[in-house]
> 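Structure provided below as C-alpha cells; questions to follow.
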Amino acid sequence: AVVVGLYLAVFFVPYPLFPHHLEHVGFSVYSDAELPDGFEGVLEDVRRRVDAMELHRGERPPRVFVCQSQRLFHFFVRLAGKRHAGQGLLISVAGTAFFSAPTVEAVGVRHGGSPRHSRLQGSMAAAIAHEVAHDLVFSELGFRQSRRMPVWKSEGYADYQANLAPARSDPDNDLYRRVALWLDEDAWRAATAFIDRRHFGWQLLIDYLYEVKYIDFADLIEPSLTEEAARTEMLAWFEAEVDRRSSIAGSKELEPLEG
C-alpha cells in the first residue's frame, strides 16, 4: 500500500520536484528550474490554441509540469511505463501533464522550425496544446474508448487540434504544399525521419478530413474510417490538385501580353 501510495503521489502531487510556479490565463505551471522570461506569452499562445479546439467546453486544463532536466522527464516516462519519450506525457486520471523542455527545443533545432504548425516545429505552446487535446478526447470518450482509438487518429487529431488556431490564421498555410513536402523523399533523410514523417502524415490525414471532407469528431471515431482509406482519398485529392494547379499555371502562360 505504501509503494502504491508513493507511486500515485508522484503523478498526482509532484510539487516537491517542481518548486517554481506560475499561474496565467487559466493554466497552472510548475517547473524544476526557473521558467524562461516571457513564458506568459507561451501560455497565451496555448490558450488561443485550446479555445479553438473542437471538444473544448471550458474545462480546466491539466496542470503543466515543465522539466528543464531531461533526466527528471525520463523518470516520469519510465514510471508511467512508456517505451518512448516524446515531448510530453499526459496522465489524464491525475490531471497532470509533464513536458521536456530540452526535447521540445531539440526537435525545433533538428527540423529548423519546419514544417510550420506541426509537432516538428519545436514549440512548447504546441506541445502543451497537444496534450490538452488528448485530455479533451479522454474526457469525451472515457478511459477505455479513448485508449481504443487507433494511434493515427489519436496522435493526428491531437496534432491537428493543437495547431488549428495558428494554421487557420496563417494566409500562407496550404495543405497542398504540406502534402507535397510529406511526399518529398529528400526532405526526410535524417536518422529520426521515419517517426517524424509518420506523425506529420497522421496530422495531414486529419487536416484533410476536417478541412476538405468537413468531418467532425463523431465521424472521426467511426471504426469504418481507416487510415488506408483516408490516405487513399487524400492522395487522390492531391493528384487532382496537381492537375488543377498545372492547368491554372498553363492558362496564365497563354494569356496575351498587355499593350
Side-chain angles (χ1 to χ4, degrees), residues 3-24 27-43 45-46 49-50 60-113 118-138 146-147 151 154-155 158-159 161-163 190-196 198-200 202-203:
V3 172
V4 171
L6 289 173
Y7 177 84
L8 294 176
V10 168
F11 290 118
F12 279 81
V13 286
Y15 304 118
L17 298 173
F18 298 88
H20 303 275
H21 179 215
L22 172 65
E23 294 279 343
H24 191 64
F27 287 92
S28 298
V29 180
Y30 304 84
S31 178
D32 58 330
E34 288 283 356
L35 289 165
D37 292 338
F39 202 82
E40 291 87 351
V42 173
L43 296 179
D45 188 6
V46 179
R49 294 167 186 259
V50 171
R60 184 167 180 80
R63 291 163 290 158
V64 173
F65 293 86
V66 178
C67 300
Q68 312 286 349
S69 163
Q70 187 75 321
R71 180 177 296 180
L72 179 61
F73 180 69
H74 282 164
F75 164 74
F76 287 104
V77 170
R78 288 193 297 269
L79 200 62
K82 299 291 185 180
R83 296 173 61 185
H84 303 289
Q87 298 180 43
L89 170 69
L90 174 69
I91 310 296
S92 288
V93 294
T96 54
F98 302 86
F99 299 90
S100 168
T103 298
V104 173
E105 181 179 0
V107 167
V109 170
R110 185 169 74 236
H111 291 278
S118 77
R119 70 162 58 201
L120 305 180
Q121 192 173 355
S123 162
M124 179 60 76
I128 295 173
H130 175 96
E131 300 305 332
V132 173
H134 276 311
D135 192 57
L136 292 175
V137 170
F138 175 85
S146 62
R147 293 278 291 179
V151 65
S154 175
E155 292 300 322
D159 279 337
Q161 290 287 301
N163 292 282
T192 59
F194 173 75
I195 295 175
D196 293 340
R198 181 178 61 181
H199 277 273
F200 184 51
W202 289 338
Q203 180 183 348

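Just the heavy atoms: all of them, side chains too, but no hydrogens, waters or symmetry mates, feed the values below. The residues of the chain are indexed from 1 along the displayed sequence.
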> Kindly indicate, with the supporting measurements, whether the criterion side-chain contact (heavy atoms from CB on, under 4.5 Å) is fulfilled by L22 and L43.
CA-CA 10 Å; L22 172 65; L43 296 179; 3.8 Å; yes

> I'd like to know if the side chain of S146 reaches the main chain of V137, judged simply by a donor and an acceptor atom lying under 3.5 Å from each other, with no hydrogens or angles considered.
no

> Could you check whether any side-chain heavy atom of S118 comes within less than 4.5 Å of a side-chain heavy atom of H199, counting everything from C-beta outward?
no

> Looking at side-chain heavy atoms only, is the closest gap between N163 and Q203 below 4.5 Å?
yes

> Report the distance from atom CG of L120 to atom CD of Q87, rounding to the nearest 0.5 Å.
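Here the interatomic distance stands at 8.0 Å.
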
> Can you run down the salt bridge (charged side-chain N to carboxylate O under 4.0 Å, His left out) pairs that involve residues 119-131, sequence neighbours left out, and say none if there aren't any?
R119-E155, R119-D159

> Taking everything shown except R71 itself, do over 12 heavy atoms lie less than 6.0 Å from its CZ?
no

> State, to 0.1 Å, how close G86 and F73 come at their nearest heavy-atom pair, and which atoms those are.
O-CE2, 3.3 Å

> Indicate yes or no: at least one non-hydrogen side-chain atom of F98 is less than 4.5 angstrom from one of V77.
no

> Find out whether C67 and F75 are in side-chain contact, i.e. whether some heavy atom of one side chain is under 4.5 Å from a heavy atom of the other.
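Side-chain contact under 4.5 Å: no.
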
> Does the side chain of F76 come within less than 4.5 Å of T96's, by heavy atoms?
no

> For the CG atom of L89 and the NE2 atom of H74, what is their distance to the nearest 0.5 Å?
11.0 Å

> Report yes if the side chains of H21 and Y15 come closer than 4.5 Å at any heavy-atom pair, otherwise no.
no

> Nearest 0.5 angstrom please: L90 CG to I128 CD1, how far?
12.5 Å

> If only atom types and distance count, is the side chain of R49 paired as donor or acceptor with the main-chain N or O of A162 below 3.5 Å?
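Yes; at least one donor-acceptor contact below 3.5 Å.
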
> Can you tell me how far the CZ atom of F99 sits from the NE2 atom of H130, to the nearest 0.5 Å?
9.0 Å

> Apply side-chain contact (heavy atoms from CB on, under 4.5 Å) to Q68 and S31, showing your working.
CA-CA 7 Å; Q68 312 286 349; S31 178; 3.3 Å; yes

> Please report the interatomic distance NE2(H111) to CZ(F200), rounded to the nearest 0.5 Å.
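One gets 10.5 Å once the value is rounded to the nearest 0.5 Å.
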
> What heavy-atom pair brings S69 and D32 nearest, and what distance separates the two atoms?
N-OD2, 3.2 Å

> Testing the basics here: between A127 and V104, what is the closest heavy-atom pair and its distance to 0.1 Å?
CB-CG2, 4.1 Å

> Locate the shortest heavy-atom distance separating F18 from V66; write the atom from each residue and the value.
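Reported closest heavy-atom pair: CE2-O, 3.6 Å.
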
> Can you see whether S100 engages Q70 through a side-chain donor-acceptor pair at a distance of less than 3.5 angstrom?
yes

> Could you check if a side-chain atom of R110 sits within less than 4.5 angstrom of a side-chain atom of D196, using non-hydrogen atoms only?
yes

> Taking all heavy atoms of F11 and all of A80, pick out the closest pair and write down the distance.
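It is CZ-N, 3.7 Å.
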
> How many angstroms lie between CG in D45 and CZ in F39, if you round to the nearest 0.5 Å?
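Spacing of CG (D45) from CZ (F39) equals 10.5 Å.
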
> Do F65 and I91 come close enough that some side-chain heavy atom pair is under 4.5 Å?
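Of all side-chain heavy-atom pairs linking I91 with F65, none is under 4.5 Å.
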
